[in-house]
Amino acid sequence: MKRVLITGASRGIGAACARVFAKSGYGVIINYNYSEEEALRLAEEIGAETIRADVSDSAQVADMFKAAGEVDVLVNNAGISGFYMLDAMSDDEWNRMIGVNLSGMFYCTRAVLPQMLRRKSGAIVNVSSMWGICGASCEAAYSASKAGVIGLTKALAKEVGPSGIRVNCVAPGAIDTEMNKKLGEEAIKELCEETPLGRLGRPEEVAAAILFLADDEGFITGQVLSPNGGLII
Ligand code: NAP
């Protein structure tokens, strides 16, 4: 049985990934940081394992991969967002955003690569954002972290492709998860009006794109797939 480790899988897009990979026959490892109850409930629902680790802490990440054993697919999904005027942003706020969204991906990827390189197979799917492609006002740190994810994906795809490892990326549009609850009703309405498909995306729709990119028969690597309802084309 193939095994997938999904970071930030206690809710939202990560939880939808856990469900869809489990349905496709994968052994699923759910990573979470704070949301233990949700993670354990989901693990029971789909028969998965759970490992707590803050992805921005390289020591915790190293321990997580020791505990995880064989991992065929890594989904780097854990992320945080936040609205800041850049001139008012503190060092801590900046470092936390980059630490979780970008360094976290580096720590997890570095930890899983040795076993994938040894086996000469594996797939990594990173979760960026459409804001990493086109930038969002008052989200410079978030946009920078997600643009970094795209650069990481493309460079690593070149580096490890010769070893049979594929690295791809999704850059979702506005998706109906807790992350967007803080936007407020009016902003959500505007986003829906600006989106050609006229609605928010569902976490399951992003999870389907991630599963597609993880398919080990694939010839796709270094690519960015953006399920965004046509909001950016
Ligand atoms: P969400 O509902 O807020 O879920 C975020 C998940 O990440 C939670 O499971 C959370 O678990 C986990 N997490 C946060 N910090 C962590 C850390 N330091 N270590 C381990 N896990 C951590 O958000 P979502 O919308 O599903 O977002 C998932 C990913 O999609 C993020 O990378 C986000 O940037 C990206 N994305 C989302 C949207 C959108 O519109 N929703 C659009 C584009 C991209 P704990 O509560 O346990 O910490």
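In what follows, every heavy atom counts, from backbone to side chain, and hydrogens, waters and symmetry copies are set aside. One-based numbering, in listed order, for ligands and for the atoms of each.
- Using a 4.0 Å cut-off to heavy atoms of Gly79, the atoms of ligand 1 that qualify are 5 (C), 7 (O), 14 (C), 31 (C), 32 (O).
- Using a 4.0 Å heavy-atom cutoff, Ala53 is listed among the residues neighbouring ligand 1.
- Ligand 1 has an N or O atom lying under 3.5 Å from an N or O atom of Gly8, backbone or side chain.
- With a 4.0 Å cut-off on non-hydrogen atoms, Asn31 touches ligand 1 through its side chain and not its backbone.
- Residue-level proximity to ligand 1 for Ala39 is absent, since no heavy atom of it falls below 4.0 angstrom.
- Backbone and side-chain nitrogen or oxygen atoms of Ile13 are examined, and one is located within less than 3.5 angstrom of a nitrogen or oxygen of ligand 1.
- In terms of protein heavy atoms, atom 18 (N) of ligand 1 is closest to Asp54 OD1, 2.8 Å.
- Of the N or O atoms in Ser56, none lie within a sub-3.5 Å distance of an N or O in ligand 1.
- Side-chain contact between Phe212 and Ile220 is present, with at least one heavy-atom pair separated by less than 4.5 Å.
- By the criterion of a heavy-atom distance under 4.0 Å, the side chain of Tyr142, and not its backbone, is placed next to ligand 1.
- Of all the heavy atoms of Ala174, the ones lying under 4.0 Å from any atom of ligand 1 belong exclusively to the backbone.
- Using a 4.0 Å cut-off to heavy atoms of Asn77, the atoms of ligand 1 that qualify are 28 (C), 29 (C), 30 (O), 31 (C), 32 (O).
- For Thr177, every heavy-atom contact with ligand 1 shorter than 4.0 Å involves the side chain, none the backbone.
- Of the N or O atoms in Ile175, one or more lie within a sub-3.5 Å distance of an N or O in ligand 1.
- Considering backbone and side-chain N/O atoms, Asn180 comes within less than 3.5 Å of an N/O atom of ligand 1.
- Contacts with ligand 1 closer than 4.0 Å are made by heavy atoms of both the backbone and the side chain of Val55.
- Interatomic distance, SG of Cys169 versus CG of Leu225, reported as 9.0 Å (0.5 Å rounding).
- In this structure, Lys146 is part of the shell of residues with a heavy atom less than 4.0 angstrom from ligand 1.
- Listed by number with element, the atoms of ligand 1 under 4.0 Å from a non-hydrogen atom of Arg96 are 18 (N).
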